[in-house]
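To keep things clear, I will list the structure first and then write my remarks on it.
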Amino acid sequence: MNRFDRWFAHASRHVARHTSRRSFLTLLGASLAGVSGFPVLPVARAAEQRGSAAADPVQDPNHCEYWRNCGMDGFLCGCCGGSSTSCPPGTEMAKTTWIGTCRDPSDGRDYIIAYNDCCGMSTCNRCMCGRHEGDRPIYYPAKSNNVNWCASASTNVYHCTTTLLLGLSEPEPP
Amino acid sequence: MNRFDRWFAHASRHVARHTSRRSFLTLLGASLAGVSGFPVLPVARAAEQRGSAAADPVQDPNHCEYWRNCGMDGFLCGCCGGSSTSCPPGTEMAKTTWIGTCRDPSDGRDYIIAYNDCCGMSTCNRCMCGRHEGDRPIYYPAKSNNVNWCASASTNVYHCTTTLLLGLSEPEPP
Amino acid sequence: MPVRVGLGWCVMLLLGAGPVAAGDALHQEDIIGKVKRLPSAPAPHWIWVNDAALSSMPDGRAMLVDGDTGTVLGMLGTGYSFAALTHALVPRGEFYSAETYYSRHTRGARTDIVTIRDAETLAVRAEVPLPPKRASTIPRLNDAAITDDGRFMAVFNLTPATSLSIVDVEARRFVGEIGIPGCSLVFPAGPRALFSLCFNGEALVTELRDDGALARQYRVEKIFDAEGDFIADNGARHGDAWLFPSLDGNLYTLDFSSGVLKALPPWPLLAPEEVRAGWRMSGFQGVAAHDRRHELYFLVHQGTPDTYKDFGTEVWVYELAHRTAVRRIALRHPAVSIAVSADDDPMLGAVSMDTAELHLYGAVTGRHLRTVAEVGVTSTLLQFPWRDTPEKTSPER
Amino acid sequence: MPVRVGLGWCVMLLLGAGPVAAGDALHQEDIIGKVKRLPSAPAPHWIWVNDAALSSMPDGRAMLVDGDTGTVLGMLGTGYSFAALTHALVPRGEFYSAETYYSRHTRGARTDIVTIRDAETLAVRAEVPLPPKRASTIPRLNDAAITDDGRFMAVFNLTPATSLSIVDVEARRFVGEIGIPGCSLVFPAGPRALFSLCFNGEALVTELRDDGALARQYRVEKIFDAEGDFIADNGARHGDAWLFPSLDGNLYTLDFSSGVLKALPPWPLLAPEEVRAGWRMSGFQGVAAHDRRHELYFLVHQGTPDTYKDFGTEVWVYELAHRTAVRRIALRHPAVSIAVSADDDPMLGAVSMDTAELHLYGAVTGRHLRTVAEVGVTSTLLQFPWRDTPEKTSPER
């Protein structure tokens, strides 16, 4: 393991524990939904409508406020034909990903969440969700939401993003 | 010349003299500019601004009200890097076209105008202009604005449309 | 348990990672790499929204929506100048799409294909190369069609000479090209027959042999007056007939129940006062029919003749057997296209290109059921493809 | 004279048709087939607007605008996940773009190329194939770069391993790939040198031999703290230095005037009360410099640290020699990127991704000159490429 590998391994662990990921497309979402109210690609309205799907949006996987979305980037796959943990038909899940640490308020514990992108189809353009903590510039890819993580899939065409639970962020007490 | 050729020749002449062409993309323009005021692809605002370019929009080639645009479809090439009679750099002019008959109010005479599309680049998306007289369904291509006339270019990718003057619509008096 | 963080600056996650104990059932470790499949039995209210993406035409799309829940089930990428999907009435667990691609998206080498996709995985099963002549139009459902036996797909070409490319979808093979001079578009009209509409008011019938080659062509003359009360370039399939509304609000019927296409006398959909009030046909796909209910759905708005493709504001419903208007449905938002599901509790879909919204109504009750937002870039056409096998009903006359 | 109507249902118009007498000068028959060329001498206020078309990413575009008139001079199609054009400081009547294409637009075989286009015709002069590794990011100007001698283009790769693809643009040849482990992006730093920024606060310099192969690499350590006052991933070229703003509003200078890259001590752009008021760097390209005026243009807005890439609302201008803020320009509309022309009457461009508008200001007067609407789908970056040959000024210190 050379120095860069060590740096990167450190970065990954640090990142997993202390940050969440801001949307790859946050500013796109802002730009599309923001000024004109309801433009060609309407990202704002759908989110409103889905608000009623679950009593508590923090526990609704198709809602941006879902607890696992603390580091979400881009379009929620549950709005695109997949779910919060699976890709839509005809797409492929990226093997590398950014990971974040999210707290589930129902038990107050922190979990490691992997934001695996689904790839191979043009942008879903539904349920844009961007959360803003801990983002870093592109020269720090493991912490940057402005990198397209479909780089690791067989095509790098970005479609939507899942939220996979990997485990607790700290070892269980013995 | 078989019966179909005769029909078509008749149609072309008829069309040239008696109708004008409605925009290939009229409803696109309407949809993009219409409801949300100023969406991602803003077609309405630019037209307003250009209104001031010439005292009389009927004599301003970059204005939808320009007299030669009586049968215009799509995006005005003068807003895309070309002019009302030339294609933008890097595009190719289609060889076949719909033709319309437009009256120049400055002399009160009718001229035949060819609406040659410029092809080989994605939609210009500037200066959408659609005029509505005489359009027919797609089964009548010579009169239909819903056909992409780049079919006759080396790629059928539609970019914008010119307005070429071919001559008077009636023979000059001897 | 410890976090499984791999080496390298990104976390490499292996597919099929082992089970985990993260506490309770709600916090089980997820499996990485899962991709959804669609149920093998589609529901009658599943509806495709076709999106030509007119402001970025290389990025054509289609989106499958469950009309009963408003959920999006999946999407497709369908290339440059996409029109619509082609669904065989005889289901084969797959569907078809005539598509155009450029090697450099907006330039370079052109490739036209029929793409055959699996109906459960939405994956591409096969591609059948076509001559690069496919018509580029503002989308119409009948830019392509499949014969009623599900065997041959016909793709409308315009170069600007017009022809049909015939594809044997079973053999995954391009069969050949058949000229349709003076005519355009393609409508299925029996097991091995198709027809096209012609600028001079005729229809041209193309019949195929068992190998897909041309058996014969014949014309049906003087159906309508292209300079007068011309018919729409989009119609409603109803049993063994196609129904086309006209500029002045009449309904033209092209019947092929006898095995030969013939035009029945048109009849008025609009009362004289409705004509005077400017009610008119609308949109890119402005009619739909429900076979068992013998109903016609007619998208209308008020406007001059030149507005005949403008968005529609209401859907008027007719009982075809008695030629009576039975109800009107005021749309929430103007629509460019409509469709009606084939089941006994039919749903009416109306798509708004300007807001990228799909509006769903009870076709019988007229009640607005739900709106599905974000259904595309410039969504243009709707399809409820999972219709029943067409009944051999005769058209009303 | 009679109308030249050809046979067939469309009018076939031959190129170069003869002259016509249609009466007066205003009604001369037009020539068919004309395609414009750009003037061979570009004006200093010509500005490229780069458009990643983020909602339809296969349809990347760039648009050339004459800032003095607001006229669009031409456009390009630039493929999937387009970032920006690459202009050599040594003009060769052409410019470069690293582009990605898929054979089926969103699927199929991937092709990465450097496209070389003629600066007058905008036609493609050549394509140089690259390994299909080009980074896909929200666009940054420095996703690619060209050495100051105009010879070698470097394209940032991310697979997610990071490297540079080196292209000899003169020989139209891919030279090879050079790893930049731990580092990303690429900035020109001399005739044959480039540097990348690294996640650990270092910079990695890559020097090329005359044949484009790696001469040597070295690291400049401890430039900034990536977990603290980290710098932007976009900077302003100023003579033989690059200037980067940081999260807390300091300016970091990477100077290569000595032939070796070194970091100069950062200095604050913001007064303590401005920091307290939350003024912060902004956007995807939030800084620009004017060499002869020794000015830095800094796009700012008020927000928390996590908003450091949000749209900027003002541009603050600094005189670099004396490190003084000299003026503020309030933008008409929040901007995602800015650029400043290199001439003595400089123009400030600011592009608004949400409205697809380009706003142009007098860089010295701060006066809003004009707004150019309809400049793309989701326009992201600006470039005034026709700068003068870089002066050999030393950076301010």
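Please read these numbers as outputs of a predicted model, since none were measured by experiment. Letters A, B, ... mirror the listed sequences (proteins, then strands); counts begin at 1.
Using a distance-only test at 3.5 Å, with no hydrogens or angles considered, no donor-acceptor pair links the side chain of C:D30 to the main chain of A:T85. Using modelled atom types, no side-chain atom of C:R61 and backbone atom of A:M121 make a donor-acceptor pair closer than 3.5 Å.
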Take A:L165 and C:H27, measure what side-chain contact (heavy atoms from CB on, under 4.5 Å) needs, and give me the verdict at the end.
CA-CA 7 Å; A:L165 191 148; C:H27 298 96; 3.9 Å; yes

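The shortest side-chain heavy-atom distance between C:T121 and A:P89 does not fall under the 4.5 Å cut-off. Between C:M75 and A:N125 there is no side-chain heavy-atom pair separated by less than 4.5 Å.
With chain C as partner, the option from A:A94, A:S106, A:S86 having the largest number of non-hydrogen pairs under 4.5 angstrom is A:S86.
One distance of note links CD of C:E374 with SG of A:C124; it measures 7.5 Å at 0.5 Å rounding. Note that OG1 of A:T97 and CD1 of C:I32 are 8.5 Å apart. Values are rounded to the nearest 0.5 Å.
Shortest non-hydrogen contact noted between C:V72 and A:C80 is CG1-C, 3.9 Å.
Residue A:P88 touches chain C through its backbone alone, counting heavy-atom pairs closer than 4.5 Å. Of the atoms belonging to A:T162, not a single heavy atom falls under 4.5 Å from chain C. Interface residue C:L76: only backbone heavy atoms are found under 4.5 Å from chain A.
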